[in-house]
2 protein chains.
Amino acid sequence: MSIAEVARLAGVSTATVSRALSGRGHVSATARERVVAAAQELGYVVSQAASSLASGRTRNVGIVLPFLSRWYFTSVLEGAQQHLMRSGYDVTLYNLAGDGDERRTVFEHFLPRQRVDAVIAVSLELTETEVTRLHTLGKPLVGVGGPIPGVRTLAIDDVAVARLATEHLIGLGHTRIGLIGGDVASDADFHLPTKRRQGWEHALRDADLPIEERVVANADFTVQGGYRAAKQLLGAPLRDRPTAVFAASDEMAFGAMLAARDLGLHVPQDVSIVGVDDHDTSDFFGLTTVAQFPREQGALAVDILMSQLEPGGDVAASDTPLPFELRVRSSTSRPRD
Amino acid sequence: MSIAEVARLAGVSTATVSRALSGRGHVSATARERVVAAAQELGYVVSQAASSLASGRTRNVGIVLPFLSRWYFTSVLEGAQQHLMRSGYDVTLYNLAGDGDERRTVFEHFLPRQRVDAVIAVSLELTETEVTRLHTLGKPLVGVGGPIPGVRTLAIDDVAVARLATEHLIGLGHTRIGLIGGDVASDADFHLPTKRRQGWEHALRDADLPIEERVVANADFTVQGGYRAAKQLLGAPLRDRPTAVFAASDEMAFGAMLAARDLGLHVPQDVSIVGVDDHDTSDFFGLTTVAQFPREQGALAVDILMSQLEPGGDVAASDTPLPFELRVRSSTSRPRD
DNA sequence: TTGAAAGCGCTAACAA
DNA sequence: TTGTTAGCGCTTTCAA
C-alpha cells in the first residue's frame, strides 16, 4: 500500500497525491477529491518513516518529565498530548524517573535520533549541555513549570502564588501563619520550594508579621510528608501553634488536614489550611487553594511549538504571565477569638 | 552527519557500519571497534526515519490508555516505558480521554501510519474491528488490565482478588459485609466492577452469608465517590449497618475511611475497610488491601512484545497468572462483640 | 567477513 | 496546476 497505488487509482502522479494529502502546494479541487477518494478506498495512510526521511519533519514531539506519578505532571502531559493529537502530531514520552543514567541516555541517545521535531520539558531544569544539544539539533524546545536559561518557558509566578495564599490568611486576621514548604531534595529542579517560601515571607513582612523558623516544616510534596510536617507544627503548645498553615502543594495540604483532625483540631475553627494547585480532589476536601491550570499550560506549550514548527501556525503565543486564582473553600476562616 | 561519514572515518563500508552498530550480521572485532570509535567521535546517532524505512522496524511501541489521571494507568505506563527504554525502544502515547472521536482517530489514523512496531492497550476493551485493524497491519498487540478476545492479555483474576479481600473480612468474624462497587459507567471496559462484585458474592455464599442489596453502593472509583457510597452504607441504622466494607479500589476505600470518620465511626473498631490496588498512599492510610503490581504488569507486557519482535528475545513469557497479595494493615480487625 | 548497490516510500525542486 | 525525478539515510541482499 504505497502512494503509487493511490496515484494510479486516482489517475494522477505521486507528487499530486502527496500534495493533496499533505495540504502543501496547490492542487485542483477535482484532483484533490479523486485523491482523497482513492486513498479512502485503499485505506491508505502515509508512511511516517518515508515522509520524515524525505521531508525532515517527523510530526512527533518529545515530552520529557521527571515523574509520572504526580498530578501536576500527568495533567500537563494530558493537556499537551490532546492538543498535539488535534494537530496530527504524535507524542513520544521520556520519563526520567529512575536513576540519573536514564537522563543521560535520553539526551544523548533518544532525543538526537531524529524521532522528534521538538521537545517539551516539564519541571526540569536542563543543563546548558542539554539545552545546547537540542539547539544544535535544531529542535525547538519549550519548558513548562519553571525557567530554563535561554529557553522559552511557561511557569506561574510562584512567589506571587504563595504570597496570594498567605495574604488570604492574613486578610482573615491570622497573625501566626505556618509554612509547610518543600525540602531540599525537591528544590533541585526549579527552586520552587524556595520561591513559595519567599512569597510567604513577603506577605508576612508586608503585614509586619514576624518570620519565625519554628512555624516552618518542610516535606516532599506528598500527602504523607504534609501529614508529618503538620503534626510537627500543630503539636506545638498553644502559644506557639500557628492558627493557619500555608502548604506549598495541595497534596501536602491534604496531609495537613488529616493531621489536624488526628490531633483533634477542627479545620478551619482551630486551624486554617491553604494549598496550591487545585488538585482534582481539593474540591472534595473543601480545601482553599490557589489554582493553577496544568492542562492549559501543556496546551499553551504546544501552541508555542506549533508557531515555530508550522509555517502558518498560531503566531507567537504571547508572553502573558500564566494565570492562577484563589479558590476559597471551607478550610480557611477567621481565627477563633 | 550520516552513516557515510562514519564509514569514511572508520575506513569501512556503510554496510559494515550498519552491521556493527545494529548488531545484526557478522563483523570482525577490529572493524566493530573502529566503527564504534568513529561513531563516538562524530557523535553519530542513526536516523530512525531512514532506518525504519529501510528495515521496516521502528523501534517504537504505542501505548494506548483511557486516562492518565489514575494511579493504575500511570503505573502501568511507567513500568512499560522504563522497560522499553532499556531495550532502546521509544514509547508513543495515545491517551483516549476526551470524546470518542479521539478513539477512532487513533485507530484509523495514528496507529496505522507505520510509526509503531507493536501496541500495548491498557484497560481497554478493543472492538473486533480495532483488533483486526492492528492484526492486518502485522502489529503485535498485548492487553494489560483485562481480556481482549483473541489477544494475549495480562490481568489479575479480579474475581479471586475480590474474594480474597472478602474472605479476609469473613475470617475476622464479620458477617455483614458491605460492598462499594463500580458503577455502570465504569463497567464499560472490562466488567471489572462486575467481576469484583462476583468475588464478593462468592465469598459470602461460600460462608453461607446472605447477599443483601442494601449493603451495596456503587461509585466511580474516585475518593469522592467512595465517600458518598460509604456515607450511604454506614449511615444505616445499627441493625443494618455493615461492620465491614469491601471497596473495589483503594481510592474508593480512602473515601470510605473518611466517611466513617465524619460519621464518628472508628476504623477498624466500628467498621473494617479493605480495598484493592495498594495505591502509593495506602500504606499511609493504614489501609488493608489486595495489592496488584501495575509497574510489573507493564514490564511484563513489554517482555511479551519483545519476544515477538526481537529474534532472540525472551522467549514467550509464560502464561502464569498475575500475582496479587493481601496486605493487612490497620483498617481491618475483628468486629466489636 | 566485507563491499557494492538496489531499494524502502515519500517529498520537493524543477520543468512543463 | 501537474508530472518527472533526484534524493532523504539507512538496511540488506548478493557476490566476492
Side-chain angles (χ1 to χ4, degrees), chain A residues 1-36 38-39 42-60 88 109 112-117 137-138 309-311, chain B residues 1-36 38-39 42-60 88 109 112-117 137-138 309-311:
Chain A
M1 178 46 22
S2 80
I3 198 172
E5 298 180 47
V6 180
R8 204 172 308 130
L9 182 59
V12 297
S13 70
T14 59
T16 300
V17 173
S18 175
R19 286 189 281 250
L21 260 28
S22 69
R24 306 176 169 257
H26 298 277
V27 187
S28 66
T30 29
R32 167 168 290 111
E33 268 171 40
R34 293 170 55 190
V35 168
V36 171
L42 297 172
Y44 170 77
V45 179
V46 298
S47 154
Q48 279 300 318
S51 172
S52 303
L53 182 57
S55 70
R57 277 174 269 102
T58 66
R59 296 187 78 73
N60 189 25
H109 202 79
R113 60 183 182 183
Q114 308 196 44
R115 173 76 52 74
V116 300
D117 290 335
L137 293 165
L309 249 30
E310 304 273 335
Chain B
M1 176 47 21
S2 80
I3 199 171
E5 298 180 46
V6 180
R8 205 172 306 131
L9 182 60
V12 298
S13 70
T14 60
T16 299
V17 174
S18 174
R19 286 190 281 250
L21 260 29
S22 69
R24 306 176 169 257
H26 297 276
V27 187
S28 66
T30 29
R32 167 168 292 112
E33 268 170 38
R34 293 169 57 190
V35 168
V36 170
L42 296 172
Y44 170 77
V45 179
V46 299
S47 154
Q48 279 301 318
S51 172
S52 303
L53 182 57
S55 71
R57 278 173 269 103
T58 66
R59 296 186 78 74
N60 189 26
H109 203 79
R113 59 183 181 182
Q114 307 196 45
R115 171 77 52 74
V116 299
D117 290 336
L137 293 165
L309 249 31
E310 305 273 333

- Message: Using a 4.0 Å cut-off to any heavy atom of chain A, which nucleotides of DNA chain D are the first and last in contact, reading 5' to 3'?
- Response: D:dT1 to D:dG9

- Hey, does A:R57 reach any base, or is it just sugar-phosphate, or nothing, if we go heavy atoms under 4.0 Å? sugar-phosphate

- OG of A:S51 to CZ of B:R115: how many Å apart, nearest 0.5 Å? 9.0 Å

- Note on the structure: Those residues at least two apart in sequence (or on a different chain) that pass side chain to side chain donor-acceptor pair (under 3.5 Å) with A:R113 are B:D90

- Output every pair passing side-chain hydrogen bond (donor to acceptor under 3.5 Å, both in side chains) with a member in residues 9-18 of chain B, not counting sequence neighbours, ordered by first then second residue. B:S13-B:T16

- Taking side chain to side chain donor-acceptor pair (under 3.5 Å) as the test, write out the residues that go with A:T58, two or more places apart. A:D117

- Query: Rounded to the nearest 0.5 Å, how far apart are CZ of A:R19 and CZ of A:R32?
  - Reply: 11.0 Å

- Query: Which residues pass the side-chain contact (heavy atoms from CB on, under 4.5 Å) test with B:S22, sequence neighbours left out?
  - Reply: B:R24

- Bounded by its outermost nucleotides with an atom under 4.0 Å from a heavy atom of chain A, the footprint on DNA chain C reads C:dG9 to C:dA13

- Message: Run the side chain to side chain donor-acceptor pair (under 3.5 Å) test against A:R59 and tell me which residues pass, sequence neighbours left out.
- Response: none

- Evaluate the side-chain proximity of B:V46 to B:Q48: yes if any heavy-atom separation is below 4.5 Å, no if none is. yes

- Query: Can you list, by residue number, the residues of residues 13-21 of chain B that have a non-hydrogen atom closer than 4.0 angstrom to DNA chain C?
  - Reply: B:S13, B:A15, B:T16, B:R19

- Report the distance from atom CD of A:Q114 to atom CG of A:L137, rounding to the nearest 0.5 Å. 8.0 Å

- Note, A:V17 side chain near A:V12 side chain (heavy atom, < 4.5 Å): yes

- Item | Heavy-atom closest pair, residues B:L21 and B:Y44 | CD2-CE2, 3.7 Å

- Query: Which angle, rounded to 10°, do you find between the first-five-pair axis and the last-five-pair axis of the helix from C:dT1-D:dA16 to C:dA16-D:dT1?
  - Reply: 30°

- Stretch residues 45-55 of chain A: residues that reach within less than 4.0 Å of DNA chain D through a heavy atom: A:L53, A:A54

- Could you tell me which residues satisfy side-chain contact (heavy atoms from CB on, under 4.5 Å) with A:A50, sequence neighbours excluded, listed by chain and number? A:S47, B:L53

- Tell me, please, which residues at least two apart from A:E5 pass side-chain contact (heavy atoms from CB on, under 4.5 Å). A:M1, A:S2, A:R8, A:L42

- Query: Between A:R34 and A:V36, does a side chain to side chain contact (heavy atoms under 4.5 Å, CB included) hold up when you go through it step by step?
  - Reply: CA-CA 5 Å; A:R34 293 170 55 190; A:V36 171; over 6 Å; no

